[in-house]
Structure formats: C-alpha cells, structure tokens
Amino acid sequence: MSAPIAADPIVELVGVSKDYPLGKLTVQALRGVDLRIERGAFIAIAGPSGSGKTTLLNLVGCVDVPTAGAVRIEGQSTSELSEKQLTTLRLHKLGFIFQSFNLVGVLDVFQNVELPLLLQGGLTGAERKRRVAEMVDKVGLTPQTRQRPNELSGGQRQRVAIARALVTRPAIVMADEPTANLDSTTGGAIIELMKDINREDHTTFIFSTHDANVMSHARRLVELVDGRIAADHPVAEAD
Amino acid sequence: MAGSPLAQARVLAQMALRSLASHKVKSLIVGSIMVFGTALVVVGTSLLDSVEAGMERSIVKSLSGHLQLYDAEAKDDLALFGGATMGGDDYGEVPDFGEVQRVVQAQDGVEAVVPMGLGIANMSRGSELDRALDALRRAVEAGDAATREAMIHRVQRLLELTRADLTNSRAITADTTDLDANLAHVERAQQAAFWAPFRGDDLDAKRAALDFLDTQVAPAGGDGVQYYLRYLGTDLPLFARVFDRFRIVEGEPVPEGRRGLLINKRFADSQLKLKVARLLDDLHDAVTLNDARIADDAALTAKARQARSLYGSLTLMLAPEDAAALEAALRAEFPDVAPTDGQSPLDALVQAALTVDDDTLKARYAFFYAQIAPRVALYPFRVGDVLTLRAFTKRGYMKSVNVKVYGTFEFAGLERSELSGAANLVDLMTFRDLYGQMTEAQQAELKAIQAEVGLERVDRADAEDAFFGGDGDSVEKTADGSVFGDFDVARIEREAGTRVADDRPFTREQMVDGVVLNAAVVLKDGVDLDDAQARIQAAVDAAGLRLKVVDWRAASGVIGQFVMVIRGVLLLAIGIIFIVALVIINNSMLMATLERVREIGTLRAIGAQRRFVMAMVMLETLVLGLLSGTVGAGLGAALVSWMGSVGIPAKNDILVFLFSGPRLHPAVGASNLLVALVVILVVSLISTWYPARIATRVQPVEAMREA
C-alpha cells in the first residue's frame, strides 16, 4: 500500500544553506539544498558523518533556522517565526525521536508520554489519560507503564520515545538515527513500528541513518554528501 | 498555548521532588544549609523577641512605666538608667505634676501616672576615728562604763594607726609643719595621763578630753568616705503599687505622707558594702555562677589578693568582746596560724580567714558571713539611720537634707542586675528640697520666719540707719572684749553629727501639686503602646502642657537601644549565613543545570517554552527550600521550646537585666516561624534565579548532541 501524494509538500526546502562558526572558521554544513517532502512520506536521510544529516533534520525540526534559503513547514517559513512561535510549532506539529532516546529520567513511562500533552494543554485529564494509555499500548509497553527509563531496555526506551513523539498526533515525526544505539533486531523492530504508524495514520516520518538495513525500510532515500544532496530516489519496499 | 496549569504544576512538582531524590548528596548539602539557616532564624528571632519582652518587663515594671513624659524643651534625652553624663543631664522640668496627672489619667487605658525626678546626691561616712569618738561620747554621756572602756581601747588602737600614717606621711613631705602639729596632738592623746579623767567622776574633764579628740585629733584621722547616690524622687506608695517588680528587702515601706529614703539593695551591695565583703561576693559569684576559676583568671586572682590584704579594716571595726569571740572561733578553724611582724594574733587569723583560692573559697565565704560579717558594719548605714544627702540644687548652691532610711528594696528577678541598681528611691518632697524647689508650705514658713524676725524691706538710702541704728554703738561686745564669743566648735560639730531627719509630714495635694522632672505612665494590660503614646501626646498638647511623650525604649537611654543593636548583629549574622547559602545553592544549582543541558534541550525541542524550564529549575529549589525550611523551623521551634523549659542562665548582670530575671525562658511565636519560612523561600528563589536563567538559554539543538 502506497501513501497518497498530496499536491502541496508538507516540508519544502528552497536553496537552504547553514553555516556554523567553528572558532575562526565557518563550517558550511548545508550548501544550497532543495527538497520537497510530501505528506505521509517515510523518508530516510543518509550520508557519512559530517555530511549534514543532523543539520538538515534540525532545520526541518524547527530547532534551528537556515543561514540562507527557506525551510517551509506546511507553507510557513521558519525564518519568519519567533523563537516562541517555533517552540509552539514544534509542540503542535512535530514529534521527535532521538538517537539517545532523551527521556526524562525522573518520570515514568506514562509521565514521559504525557508530557507533550501537558505542555499543549486543552485536553481534560480523562481524555489525556486515555490518549496516553492508548499510545503506550500501541508501542507495546502497557505492562511497563509505571516504570522509569532506567528500568527499561534500549528498545523499550525508544518505544517510549516514539509514543512521546506521536501522542500529540503530529504532522511530522523527526527521528535522528533512531536505531543507532540499538542492536539490529531491536532496531529493525523499531523501524517496523514506525512504518506501521506511518501506514495507519499517514504521519510523515523523516529519519536520518547510516544503517543500510534501516535505509531499506524507507520509501524514499535522500543521500547527502558534503552538505549537498547527492542522490534522491524512491526505494523499493522490502517486504 | 496556555497549557494545563494545574496538571503542569503537578508534573513539575513531581519532577522537582524526584530530581531532588536522585541527586541525594547535592540535596543533602543544600538542604542542610537551608535547615540550619531556617533554624537559626527561628531560634535567633525567638530569642530576641523573648529578650525584648524580658527587657521590656525589666524596664517597664521597674522604673520607666510604658511611657515617660518630660519637658518638651529638655536639653538632653531622658535616660532613666543613666545617660552619657554622670547626672549632669538636663531634662528640663514639669512645673505642675498635678495638672499632668489629671490630663493623662483621664485617657483610656492609663493605669497610673507616677511623678518622678532623678538626681544625684552625695553622702558621706565619717572616718573610723570619727565614729569611735562618737560612740565614746555617747557612752560617756550615758555613763556606760563597759562601752566606754571598749571605745577607749578602740580609739587607742586607731590612734596607733593614725600615728603610723602620720609618721609615714612626714617622711615623704617637704613642709612638715601641719603634720608635726597633728603628730603632737596624737602623741598627747596616746599618753596614759590623757585617759585618766575618763575613769574619774569629773564629767567636764571627760568632755574637755573628748573635745580635744574631736577637734584636734580626729581631723588627723582622715576624711572618711564619700558616696554618690543616684536617687529617684517619686510618689513612693504609688510607685510600690504600680511597679510590681518593686519589693522591700529589709525594713519597711515609707508610709504615706512621710519623708524617707529606700536604698537600692543592688546599689548597696555593689557600691556601699564593705570592700572586703564585696570582693568575696564577686569571687563567690564568679566561681559559683559562672564556673570561673580564680587561678585561671588574673582579675579574680587580684581580687583574692586584695581581699587578703584588707584584714586590718575588719579587725579595726571589732568591739573588744566581738574580737575575743571571733579570735576563739578563728583559732578553732585555723589552729596553726601565727602572726607575722607587727600583726596581732587576731590580724593573722582574720588574714588566714580571708585567704581564698578555688578550693577554700566556698568554705571561707560561708565562714565570713557566719562569723565575721555579723560583728562588723557591712554597710555604712543601717535601716532606721538618718543620712545626710547633699546635692547641688537647680540654682547651683549646695543643699543638705537629712532623711531617714526606711529600708532597702530590690526589683524582683533583677536582683543581680547592675542596671536595676540604677536608682535609690526618695519621697517627692525630699527630692524637691534637694532639687531646690520650695513647697508652698515651706514658702509660707519662710514668710512666717521673716515676719517673726521683723524683716522688712529697706531702701538702699536708709539701709545704714536701719541696720546700725541712727546713732550709738550698736555692736555688742562680749566680756573679754572680743566681738564674737568663743564658739563651742566641738559642740556644733557634735550636734551636726547627731542628725535629725526632716520629718514633717505632707499631704497628697502638697506632693502632687509641684515640680517633677518627668512622669511615668503605666498602661493597663493589652493597651497598644503606640496608640496610647499618640493619644497621650495629643492630650497633653491639647492641654497646653509642653511635654514630650516617649516610650520606655527611648526613655531608658542607651540600654533601650541595646536590643536593636543585638537585632542588628543577629540580622548581620543571618545575612552572612544566607549569603553563603546563596552562593552555595547558586553554585550547586548551576552545576545541576549544566548537567541537565540535554534534558532541558529535549524539553525545549518537544515544545516546552522557556518559562516552563524556568519554573522547573526554580521549583526544585523552592521545594527543597520548603522541605528544609519546614524541617529547620521545626528543629528551631523544638530547640527554643527546649530552651524555654530549661531556661538559659543569665551569666552576668547585663544578661539578668535583658532576660528580666536569672533565666530566660524563650518561646517561639507563629511570626518567628513564618518569617523564617519566608526568608528561606526568598533566599531559594534569589539563589536559583541565575541558574534558572542559564537553563532557559539552553537551545533545543542540545537535545540532538550525542550523549
């Protein structure tokens, strides 16, 4: 089953460059990248270390803004938004999955998943609890609901992170090397989980990876080399 | 965008608590400082409040009352417990106390208005020789042979000492004319023949010998001792009623409408008492109350040495039968003591009894009061004596008043406080005499005397005629042709010596309607001080009385500001501790924040605004502050109540005064706890403000960095 192709891209990068000062030098992490990502995409960004994968993800994830060019999320250029507005945008439209899971250590599974909903507000307590329970169930952690991250395995932690990223029903989920800290079996299961959610909810997934196995799960693969897109092609579904 | 404030707060609180629990060492260190700080605030402020309340009781219930009124144009501020100058303060005057009392007494909440006037008088005690001669004369006049012989013996001993003194003085004096004359008189009095008439029947011969001793010998025996006596003239019965700390120790209160002096027991003990007794008292107090050791304290060692050297002053005072009895008692106590050169056996024994160290002090102190003290005059007055007080009046001339000592008094609970010995009490009429104000009765009396002696106004032109008559020799001559007869100097002095108290009674009206220097207002229980002060000030202003109304704190002089000074010191100490706490909390929170950069970045990435991060960091310290504060306040309160039940001993006189008794029983109030909690929370917030600011600056990108 293939995702529907929308007329308007959910993410659009036009001539995006990003420079970082590094001492007296300037590192050009991205050099004029153009990229359109359609709603419901399941796209992998690949490339060697220092190729600009993370920078690209940061720009799309609205935790950073480009030095030149424009990053548009649902048509809205991130450069035109204040920091506060960017934060609100992230809260409501984006979900994040991190390489090191980045769970709040002092909160249990349920509370970690609940956190974005608390930040958003607007739900009744009961509704919020139902949403969290449903999400925890979806990632298969109902028995671990009241455990804290340090009591969970790496795979379980990443599932919590996925649940946290998805609980607000974001339009886009950003995942930075989501399987890098997991063994291949667990990593594979995580990718499968993400893929399932993508199929069911049409949530757009953008993830960076340098794992060929993971890349093979993507429907589209963008390869970066030295801050430029070296290749951008669909991937045959590996079933 | 508003979030769910309540649910957010709950999760923040939970994060804070759990974060504290997971950083146990940090929480423990910061928490301990906070506990200590809070406990310190609770204990410190409770103690200070108790001290202030104690001091208020000490001052209000002993001398000042709640408010004091005095001349609005006074040059100096009222200082009931002594000001900067020794009695030289000018408090102006209140010309008509009666009017003041009527106006102020009419105000709500006023229990009593007590008239007052402070002054300093001088009082002298004759030399030992003067007193021995006085006793000898009384014995001779009364025909009391036993006392006469005892006194002759005593005078002879004193003459020996006087002679030795004069001989020593002569050796170091250039012009010895006067000394030689004195020495000749003393030597004459030392001859056996001089005393022969005392055993005979010729009273005139005895009187002649006594007169010689009084006029020629006694002046060589020294001037005696001068004492300065700070006195408070007041309505004594009213004073005794409203100042409930006042208590008669010995003797009786001065009756209504009578003149009289009440000597402050504390003043008597610290100023008037026989020096050797005072030294022993000091040593005994230091050792028993302050756990001092004579051997370890240079000042105490010096006092012990001085006490030992003063045996002569005691043996001199002893009557022969007392001397014999004491010698027997001492011999039993010190069988091996032998006199050194020039010492009598009694001298040596008394010296032995006065030789104290840490081991012997308690026993010898008890021995002194059991055996020696009853046989000597410990004080230069006895209850019932008439003392002559001399003071410079307002107009600058010296005035003497003879006043009877009715008794001694103390302020209950403040017996040991030097400051409670600040004033002796006299009746208001005696005060006015010394102050130089004549009562209406005295003015009437003066007029009567003037009328009686036929005094009349004389113009200057007629003065000579009026005074010396128009003609003739108006100056009478005595038989031997001298203008003035021989004054019987000795007799005049003698009569001056047998003092007669001014014992004219007075009415309440006479006492009330006259000059005072100030007035104490004692308020009823529960009356608000500031409010009463304002009302009374308004009332006296409205009545046209030029008076200022001050509270007890201001009226008591430097001592009233004492608590404020201690409070300042305490605040400084608390301030320093909290600055240290601030730095430590700030540092440790900063470290914690830096450790949590990735977590904070993650929160920011998933959509937490800066203020959420701010609240998260602040709340953590706030929760710690609240917990530690509660524990600290609890500990502080427990400590204060423990101190309250055990009592803090007042180790010295000033503390006795500040504690309003020998022990302070502090109590903790709700305000002490509340202040402590507020302070600790404010400190928490201030100390975390900077780390929290740093936390809000953490960029969401930080979440993406590799762990």
Side-chain angles (χ1 to χ4, degrees), chain A residues 20 49 53-55 57-59 61-65 83-108 110-112 114-125 128-129 148 150 161 164-165 167-168 170 174 176-177 180-181 208, chain B residues 1-24 26-27 592-593 595-617 619-621 623-624 693 695-707:
Chain A
Y20 289 115
S49 290
K53 297 191 298 288
T54 302
T55 304
L57 237 58
N58 286 349
L59 293 178
C62 300
V63 297
D64 213 343
V65 287
E83 196 212 76
K84 202 168 175 175
Q85 288 169 322
L86 283 176
T87 305
T88 308
L89 182 71
R90 289 196 300 271
L91 178 61
H92 290 273
K93 296 233 186 290
L94 297 170
F96 287 87
I97 299 165
F98 305 92
Q99 183 178 337
S100 308
F101 326 129
N102 292 20
L103 300 177
V104 179
V106 298
L107 298 181
D108 63 24
F110 188 92
Q111 288 170 319
N112 264 288
E114 189 187 26
L115 196 55
L117 291 180
L118 287 172
L119 293 171
Q120 276 190 340
L123 293 180
T124 65
R128 194 171 64 237
K129 283 194 170 61
R148 294 222 213 155
N150 59 2
R164 181 177 66 183
V167 76
T168 56
M174 314 296 306
D176 183 22
E177 308 246 9
N181 286 345
S208 65
Chain B
M1 188 48 240
S4 320
L6 212 72
Q8 265 190 38
R10 208 183 56 229
V11 79
L12 278 171
Q14 206 157 12
M15 283 170 76
L17 272 172
R18 292 188 178 175
S19 170
L20 288 173
S22 60
H23 297 89
K24 286 195 180 63
K26 185 207 83 176
S27 303
T593 300
E595 275 172 23
R596 288 165 70 182
V597 161
R598 208 158 64 94
E599 182 184 316
I600 294 166
T602 304
L603 289 171
R604 296 282 284 120
I606 66 172
Q609 294 289 359
R610 284 175 183 231
R611 63 190 165 84
F612 181 88
V613 173
M614 182 94 174
M616 183 181 82
V617 177
L619 201 69
E620 203 174 307
T621 323
V623 166
L624 185 61
R693 288 275 301 180
T696 61
R697 288 189 192 148
V698 171
Q699 292 300 315
V701 195
E702 298 293 339
M704 309 296 180
R705 299 224 195 285
E706 276 300 303

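Chain naming here is simple, since letters A, B, ... match the order of the sequence lines and numbering starts at 1 in each.
- Closest approach of B:Gln8 to A:Leu118, counting heavy atoms only: NE2-O, 3.1 Å.
- For B:Glu595, the side chain to side chain contact (heavy atoms under 4.5 Å, CB included) partners at least two apart in sequence or on another chain are B:His23.
- Counting heavy atoms from C-beta on, the side chains of B:Met704 and A:Leu57 never come closer than 4.5 Å.
- A 4.5 Å side-chain heavy-atom check between B:Gln609 and A:Thr88 finds at least one atom pair inside the cut-off.
- Taking the side chain as every heavy atom from C-beta outward, A:Lys84 and B:Arg610 never approach each other to under 4.5 Å.
- Heavy-atom pairs under 4.5 Å with chain B were tallied for A:Met174, A:Glu177, A:Glu114, A:Arg148; the largest tally goes to A:Arg148.
- Between A:Val63 and B:Pro700, the shortest heavy-atom contact is CG1-CB, 3.7 Å.
- Contact between B:Ala605 and A:Phe98 at its shortest, heavy atoms only, is CB-CZ, 4.1 Å.
- Contact annotation: the side chain of A:Asn102 approaches that of B:Arg598 to within less than 4.5 Å [non-hydrogen atoms, C-beta and beyond].
- For A:Asn58, the part sitting under 4.5 Å from any heavy atom of chain B is the side chain, from C-beta outward, and nothing else.
- In this structure, the side chain to side chain contact (heavy atoms under 4.5 Å, CB included) partners of A:Val104, at least two apart in sequence or on a different chain, are A:Val106, A:Leu107, A:Asn112, A:Leu115, B:Met15, B:Glu599, B:Leu603.
- Of all non-hydrogen atoms in A:Pro116 and B:Ile606, the two that sit nearest each other are CG-CD1, 4.3 Å.
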